[in-house]
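Down below is the structure, laid out as C-alpha cells.
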Amino acid sequence: MGEKLHEIRLTVNGVPRETRVPGRRLLSDCLRHDLGLTGTHVGCEHGVCGCCTVLLDGEPVRSCLTFAVTVDGREITTVEGLREPDGSLSPVQRAFSESHALQCGFCTPGFLCTVTALLRDNPAPSDDEVVEGISGNLCRCTGYQNIVKAVHRASELMGEAEGRS
Amino acid sequence: MKPSAFDYHAPRDVGEALEILAATAPHGKVLAGGQSLIPLLNMRLAAPAHLVDINRVPELDTIEAGGAGVRVGALARHAAVERSDSAARAQPLLRTALRHVAHPVIRNRGTVVGSLVHADPSAEMPAVLVVLGGSVRLARHGGGERDVPAADFFTGPMESAAEPGELAVSAFFPALTPRTGTAFAEVARRHGDYAVAGVAAVVSLDDDLRIRSARVACVSVGPRPAPLDVTEECGGRPAATVDWPSVARAVSLRVDPGDDIHATAGYRRHLTGVLAERALRVAAGEAADG
Ligand SMILES: Cc1cc2nc3c(=O)[nH]c(=O)nc-3n(C[C@H](O)[C@H](O)[C@H](O)COP(=O)(O)OP(=O)(O)OC[C@H]3O[C@@H](n4cnc5c(N)ncnc54)[C@H](O)[C@@H]3O)c2cc1C
Ligand code: FES
Ligand code: FES
C-alpha cells in the first residue's frame with residue numbers, strides 16, 4: 001500500500017503548477033524535486049539557516065518548515081521568480097552582485113527573498129533594521145558586511161528607479 | 001532528514017477539527033504554524049500518526065482587543081499580533097515581547113497560541129501569559145470549552161495542560177490597567193535566538209505612586225515560567241526610592257536554572273538578576289507615566 005497522495009495547485013513565479021504529493025512533502029522538496037526549481041536551497045531543515053526562504057503570497061517563510069499541502073492554492077515566489085519582467089536582474093539581485101555580497105552563493109537565494117520583502121515593507125531601512133531583517137539568514141563564507149551594504153545599495157537602486165533620491 | 005509518514009487532515013472549521021482530534025487521539029497532533037513541530041518531525045523527534053492542520057480554519061484567525069484584554073485565536077501569527085495596533089494599545093507587553101520571538105520570517109508563520117501549547121521554557125510568550133495572569137481556552141469534541149489559567153497551564157518543559165484530543169482555540173492576555181507598566185528584557189546570543197535569560201515584568205502603583213504590586217516571570221531559568229511576586233521586597237515605597245538591585249537579587253535567588261552548552265547555571269542566575277532590575281525599573285517608569 002503506497003502513501004496517500006494529495007493533488008495540489010500552486011502558482012509558482014506566476015505560473016500555475018499542479019502536482020501530487022504525500023502529506024509529509026516539505027514545500028522546499030516539492031519546489032526542488034517535484035517542480036524542478038532547484039534555486040531554493042536546503043541547508044538545515046530546521047529553520048535556522050534561512051537558505052530555503054521563499055515568498056508565500058509575498059511574505060517570506062521557511063519552505064523547509066511548511067508542508068506543500070498546507071499551501072495548496074497559494075502563490076509562491078522563489079529566487080527564480082525575482083528577476084524583472086524583461087529578464088534582467090532585480091535591484092536586490094544587482095546590488096548583491098555589485099557589492100560582492102556572495103561567494104559560494106549557497107545562502108544567496110534565501111537572502112534575496114528575505115531582502116526583497118524587507119525592502120518592499122521598509123524601502124529605506126537603518127543599519128539596525130537591516131541587521132534585524134537578515135538575522136534569520138546565515139552566510140558561512142562572505143561575512144555580513146557586504147550583505148548589509150548590498151541591502152542599502154538595493155534600497156538606493158529601487159529609490160532611483162522610482163525617482164526617489 | 002524528512003518527516004515519517006502521517007495521515008494528513010485539513011478540517012475547514014473548529015467542529016470538524018475537534019471530531020478528527022477525538023477520533024485520532026492520542027495519535028493526532030495539531031499543526032499550526034509548524035515552526036516548532038516541523039523541525040521535530042524533520043529530525044524524527046516526533047512521529048505522530050495523524051496531523052490535523054488548522055491552517056484552513058479561518059474562524060481561528062482572530063485578534064480581538066477590548067477593554068478587558070486581548071483574545072488571540074489559534075491561527076493568529078506572531079507577526080499579525082505584533083503588527084496589531086489595537087492589541088498593542090490594550091496590552092503593550094505583547095508587541096514588546098513578540099519582537100524577541102525568533103526572526104521576522106519565523107514570526108510570519110508561527111502562532112502565539114502554538115508557542116503557548118509548545119511550552120518551551122526558553123520561549124517568551126509563556127512568560128508573558130504567566131506574568132499577566134492570562135489563560136488558554138481549550139476545546140474538545142462533545143466536551144465544550146475550558147479556560148485554564150496561565151499558572152496551571154505550563155506543567156513542565158514542553159508540557160502543557162492541553163490533553164490529547166484537545167484543541168487550544170485561543171489565549172487571553174489581560175489589558176494594561178491604569179498606573180501599571182510592563183517591560184520585557186532578554187539576552188540572546190543573536191537577536192531572534194532563544195533567550196539565554198529573559199524577564200517579563202509588571203509593576204502597579206497606587207495613587208501616591210508607591211509600589212502596589214510587582215511581578216516577574218523568567219525565561220530559560222527553570223522547567224516552566226513561574227510567576228514571582230516581589231511586591232514585598234519593594235517595601236511599599238515610591239518607585240524612585242525602591243532598592244531595585246536588592247529586589248533583583250531576590251528574583252535571581254528564586255529561579256532554578258540549569259547548565260547547558262549555551263550558559264552555566266551561575267551565569268543564567270546572574271543574568272536573570274541584571275535583566276530583572278532592568279525590566280522592573282522600566283515597568284515602574286511606565287507605570288508612573290500611565
Ligand atoms: C529558528 C527558530 C528560532 C526560534 N526562536 C524562537 C524564540 O526565540 N522564541 C520563541 O518563543 N520561539 C522561537 N521559535 C519557535 C516559534 O516561535 C514557533 O512558532 C512557536 O514555538 C510554535 O508555534 P507554531 O504555530 O509554529 O506551532 P507548531 O509548530 O505548529 O506546533 C507546536 C506544538 O504545539 C501544538 N499546537 C500548536 N497549536 C495548537 C493548538 N491550537 N491546539 C493544540 N495544540 C497545538 C502542536 O501540536 C505542536 O506540538 C523559533 C523557531 C525557529 C524555527
Ligand atoms: S533549510 Fe530551511 S532554514 Fe535551513
Ligand atoms: S555566500 Fe557562501 S554561504 Fe553565503
Side-chain angles (χ1 to χ4, degrees), chain A residues 1-6 8 21-29 33 42 44-74 110-111 113-115 117-118 121-122 125 128-129 131-138 144, chain B residues 1-12 28-57 75 77-80 82-83 99-111 114 188-194:
Chain A
M1 237 178 45
E3 203 172 335
K4 181 174 177 210
L5 297 179
H6 304 263
I8 60 165
V21 293
R24 59 172 156 160
R25 178 79 89 246
L26 299 172
L27 178 59
S28 45
D29 290 336
H33 304 308
V42 172
C44 66
E45 283 186 338
H46 58 270
V48 172
C49 74
C51 290
C52 68
T53 306
V54 300
L55 304 179
L56 170 63
D57 293 335
E59 296 273 18
V61 302
R62 297 287 197 250
S63 60
C64 76
L65 297 187
T66 309
F67 287 120
V69 270
T70 297
V71 295
D72 180 19
R74 314 272 298 264
F111 271 100
C113 288
T114 305
V115 170
L118 173 73
D121 296 344
N122 183 359
D128 280 350
E129 287 167 336
V131 170
E132 204 215 319
I134 61 170
S135 65
N137 292 69
L138 298 179
Y144 299 97
Chain B
M1 273 170 68
K2 312 293 176 191
S4 54
F6 50 78
D7 284 345
Y8 175 79
H9 307 269
R12 299 286 165 159
K29 268 232 163 260
V30 175
L31 173 70
Q35 304 301 289
S36 293
L37 182 57
I38 298 182
L40 294 175
L41 297 174
N42 285 353
M43 293 185 267
R44 299 211 176 184
L45 294 171
H50 298 269
L51 220 56
V52 184
D53 184 347
I54 58 170
N55 282 280
R56 283 188 201 78
V57 183
L75 208 48
R77 316 277 174 191
H78 294 310
E82 179 190 349
R83 269 198 304 266
R99 295 206 162 134
H100 295 278
V101 176
H103 312 287
V105 176
I106 307 285
R107 296 202 292 271
N108 282 340
R109 292 298 292 168
T111 64
R189 298 172 73 230
R190 182 171 59 133
H191 190 103
D193 284 355
Y194 279 104

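Values reported hereafter were calculated over all heavy atoms of this structure, with side chains retained and with hydrogens, waters and symmetry mates removed. Throughout, protein chains are lettered first and strands after them, A, B, ... in sequence-line order, and every chain is numbered starting at 1.
- Contact of A:Ile134 with chain B is not made at all, since no heavy-atom distance falls under 4.5 Å.
- Checking side-chain atoms of A:Arg24 against main-chain N and O of B:Pro3 turns up a donor-acceptor pair under 3.5 Å.
- Judged by distance alone, the side chain of B:Arg44 and the main-chain N or O of B:Lys2 form a donor-acceptor pair under 3.5 Å.
- The part of A:Asp29 that comes within reach of chain B is its side chain, from C-beta onward, which places non-hydrogen atoms under 4.5 angstrom from that chain.
- With hydrogens and angles disregarded, a donor-acceptor distance shorter than 3.5 Å links the side chain of B:Asn42 to the backbone of A:Glu45.
- Only the side chain of B:Leu41 comes within less than 4.5 Å of a heavy atom in chain A; its backbone stays farther off.
- Both the backbone and the side chain of A:Pro60 come within less than 4.5 Å of a heavy atom in chain B.
- The most heavy-atom pairs under 4.5 Å with chain B, out of A:Thr70, A:Leu26, A:Val61, A:Val71, come from A:Thr70.
- The backbone N or O of B:Arg107 sits nowhere less than 3.5 Å from a side-chain atom of B:Gln35 that would complete a donor-acceptor pair.
- Contact annotation for B:Ala10: neither backbone nor side-chain heavy atoms come within less than 4.5 Å of a heavy atom of chain A.
- The backbone N or O of B:Arg109 sits less than 3.5 Å from a side-chain atom of B:Arg77, completing a donor-acceptor pair.
- Ring geometry for A:His6 against B:Tyr8 counts as perpendicular: the plane angle is over 60°, on a 0 to 90° scale with 30° as the lower cut.
- Only the side chain of B:Leu51 has a heavy atom closer than 4.5 Å to any heavy atom of chain A.
- Contact of A:Thr53 with chain B is made through the side chain alone, with heavy-atom distances under 4.5 Å.
- Atom OG of A:Ser28 is separated from atom CG of A:Leu65 by 8.5 Å, given to the nearest 0.5 angstrom.
- Note on A:Gly47, A:Gly23, A:Ser135: by heavy-atom pairs under 4.5 Å with chain B, the leading option is A:Ser135.
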